[in-house]
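Scroll down for the structure; my scribbles are underneath it.
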Amino acid sequence: MNELEAKTTFSRELLAWYRRGNRDLPWRRSRDPYFIWVSEIMLQQTRVDTVIPYFNRFVERFPTVKDLAEAPEEDVLKHWEGLGYYSRARNLQAAAKEVTERYGGRIPDDVEAVRGLKGVGPYTSGAILSIAFNRPEPAVDGNVMRVLSRYFCIDEDIAKPATRVGMEGLARELIPEGAAGDFNQALMELGALVCTPRSPHCLTCPVMEHCAGRIAGREEELPVKSKAKPPKPQHRLAVLAKRADGRVLARQRPAQGLLARLWELPHVEAPGVDTWDSAEAGPRWLAETLALEGVGVAPTRHLGDAEHVFSHLHWYVRVWGAEGALFEADGPEASALPMAASAAGGDAARETAAGYDAAGEGLSGGSLPEGYRWIDRADFEALAWPNVFRKILAEHFGGAE
DNA sequence: TAACCGTGGAG
DNA sequence: TCTCCAAGGTT
């Protein structure tokens with residue numbers, strides 16, 4: 001069998017396998033390009049089983065591009081809470097606004113236009129165009145690279161961007177006439193169900209007969225993929241400051257970067273693990289650093305530790321409780337914050353404290369720094385939190401989910 | 001190019 | 001417990 005025949009056979013058999021039966025997924029029940037789009041964004045680096053409930057809630061709340069474009073951002077983030085990679089949500093809404101304004105609310109059936117939308121890269125544009133419009137565009141994700149690496153016995157490192165470009169060329173050649181959407185989904189379906197990362201199920205594979213990787217006995221060692229760097233450890237000190245009325249001090253993260261615009265307990269990075277782990281230096285560092293930001297708290301009780309692993313960071317979070325959280329500059333509680341009024345942060349701490357009343361009931365002058373808020377249980381449930389803080393606060397508010 | 005960006009399931 | 005990594009994109 002020559003090379004062309006091998007490719008043709010692969011495509012025909014794979015497509016037939018897919019059409020014989022595939023998974024019943026929510027976004028496959030619709031031909032709405034918007035639904036395809038939403039699903040593809042959610043599926044970036046995220047498993048199908050995880051996405052399904054999020055997808056259902058999302059399209060129920062935002063049934064059209066226009067609904068999404070007009071929604072408050074906090075509403076969109078709340079529907080993304082727990083799914084991770086939150087810039088996807090903000091980019092999706094920004095793109096929905098662009099589709100509404102420039103394309104009248106309809107996803108354009110056009111390669112350049114789709115590729116130009118925020119959050120849509122080479123994979124996602126190919127997926128949208130092929131699945132929604134049956135355009136013969138490749139959609140090369142991790143599944144596809146694994147399948148092609150094995151079937152064609154390709155040794156290139158799939159972690160390198162250049163390899164994906166090459167795979168796209170190959171995948172483009174493989175698309176059967178008039179069947180781009182089904183074929184691209186077939187490739188991914190095979191990778192997800194049969195040609196799995198470990199222990200591929202070659203015995204039940206529809207294309208095993210001509211699979212060069214299997215024939216070479218290399219199905220377990222392909223694809224070649226260089227290892228990712230381990231996440232960098234970071235030791236963080238957080239404060240759970242409780243007001244007399246039960247409200248807790250929280251703050252919203254900046255609009256850019258990690259966990260952008262999500263809510264969290266105030267926390268700072270410890271200068272080292274020793275400070276983090278010290279019952280004296282830890283809370284002192286926490287109070288002094290927050291004082292410099294204009295927040296006066298007196299952390300006294302170690303409530304517990306939490307751990308959270310991101311793709312590139314490993315957080316060790318120590319949570320300190322602060323009762324009657326706020327101090328008054330010249331009052332008795334000022335001494336509960338060692339050095340705050342004397343050392344480096346003295347001026348800032350004094351300035352901060354001026355806004356609080358003596359009883360620790362909260363603000364007397366409404367001068368919490370930008371982004372900070374006293375929240376109750378209802379606020380906690382309405383706002384969007386990263387998982388690590390949602391767990392901590394769920395415990396505090398009595399299991400509220 | 002390489003770093004940045006979350007979370008959870010599977011083995 | 002630990003490692004891998006999933007329907008990637010942006011900077």
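Each chain gets a letter, A, B and so on, in the order the sequences are listed, and its residues count up from 1. Please read all numbers here as calculations on a predicted model, not as lab measurements. Side-chain atoms are counted along with the backbone in the values below, which use heavy atoms only and exclude waters and symmetry mates.
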In whole angstroms, how far is the P atom of C:dA6 from the CD1 atom of A:I41? 18 Å
Euclidean distance, atom NZ of residue A:K225 to atom P of B:dA2 [Å, nearest integer]: 15 Å
Can we say A:K66 and A:E70 salt-bridge, meaning some charged N sits less than 4.0 Å from an Asp/Glu carboxylate O? yes
Specify the residue among A:K227 and A:V120 whose closest nucleotide of DNA chain C lies further upstream toward the 5′ end. A:K227
Students often get this wrong, so: under 4.0 angstrom with heavy atoms, is A:L187 touching a base, only sugar-phosphate, or nothing? nothing
Rounding to the closest angstrom, what is the interatomic distance between B:dC5 and C:dC5 at atom P? 22 Å
Nearest-Å distance, CD1 (A:I158) to P (C:dG8)? 11 Å
Which part of the nucleic acid does A:T124 contact within heavy-atom distance under 4.0 Å: base, sugar-phosphate only, or nothing? sugar-phosphate
Under 3.5 Å donor-acceptor pairs involving side-chain atoms of residues 202-216 of chain A, not counting sequence neighbours:
unit_1 : atom_1 : unit_2 : atom_2 : d
A:T204 : OG1    : A:H201 : O      : 3.2
A:R214 : NE     : A:M208 : O      : 2.9
A:R214 : NH2    : A:M208 : O      : 3.1

For C:dT1 versus B:dG8, give the span between their C1' atoms, rounded off to a whole number of Å. 16 Å
Sugar-phosphate only, base, or nothing, as touched by A:R28 at under 4.0 Å among non-hydrogen atoms: base
Between A:E40 (CD) and C:dA6 (C1'), how many Å, whole number? 13 Å
Between A:H312 and A:K232, is there a side-chain heavy-atom distance shorter than 4.5 Å? no
Between P on C:dA7 and CG on A:N184, what's the gap in Å once rounded to a whole number? 14 Å
Suppose you measure atom P in B:dA3 against the same atom in C:dA7; what distance do you get, rounded to whole Å? 24 Å
Atom CG of A:L92 and atom P of C:dA7 are separated, to the nearest Å, by 20 Å
May I ask you to check whether over 12 heavy atoms, not counting those of A:E60, lie within 6.0 Å of atom CD? no
For A:E189 and C:dA6, give me the distance from atom CD to atom P, rounded to whole Å. 16 Å
Between C1' on C:dA7 and CE on A:M145, what's the gap in Å once rounded to a whole number? 11 Å
With a 4.0 Å cut-off on heavy atoms, is A:R90 in touch with a base, just the backbone sugar-phosphate, or nothing at all? nothing
Side-chain contact check for A:P197: nearest option of C:dA7, C:dG9, C:dA6 is C:dA6
Mark yes or no: A:R57 above the aromatic ring of A:Y54, with NZ or CZ under 6.0 Å from the six-membered ring centre and no more than 45 degrees from the axis. yes
Do other residues, nucleotides or ligands put more than 12 heavy atoms under 6.0 Å from A:R102 CZ? no
Determine, for nucleotides 4-11 of chain B in 5'-to-3' order, which nucleotides have protein heavy atoms under 4.0 Å from the base (write B), from only the sugar-phosphate (write S), or from neither (write -). SBBBBB--
Quiz item: cation-pi between A:R247 and A:W374, 6.0 Å / 45°: no
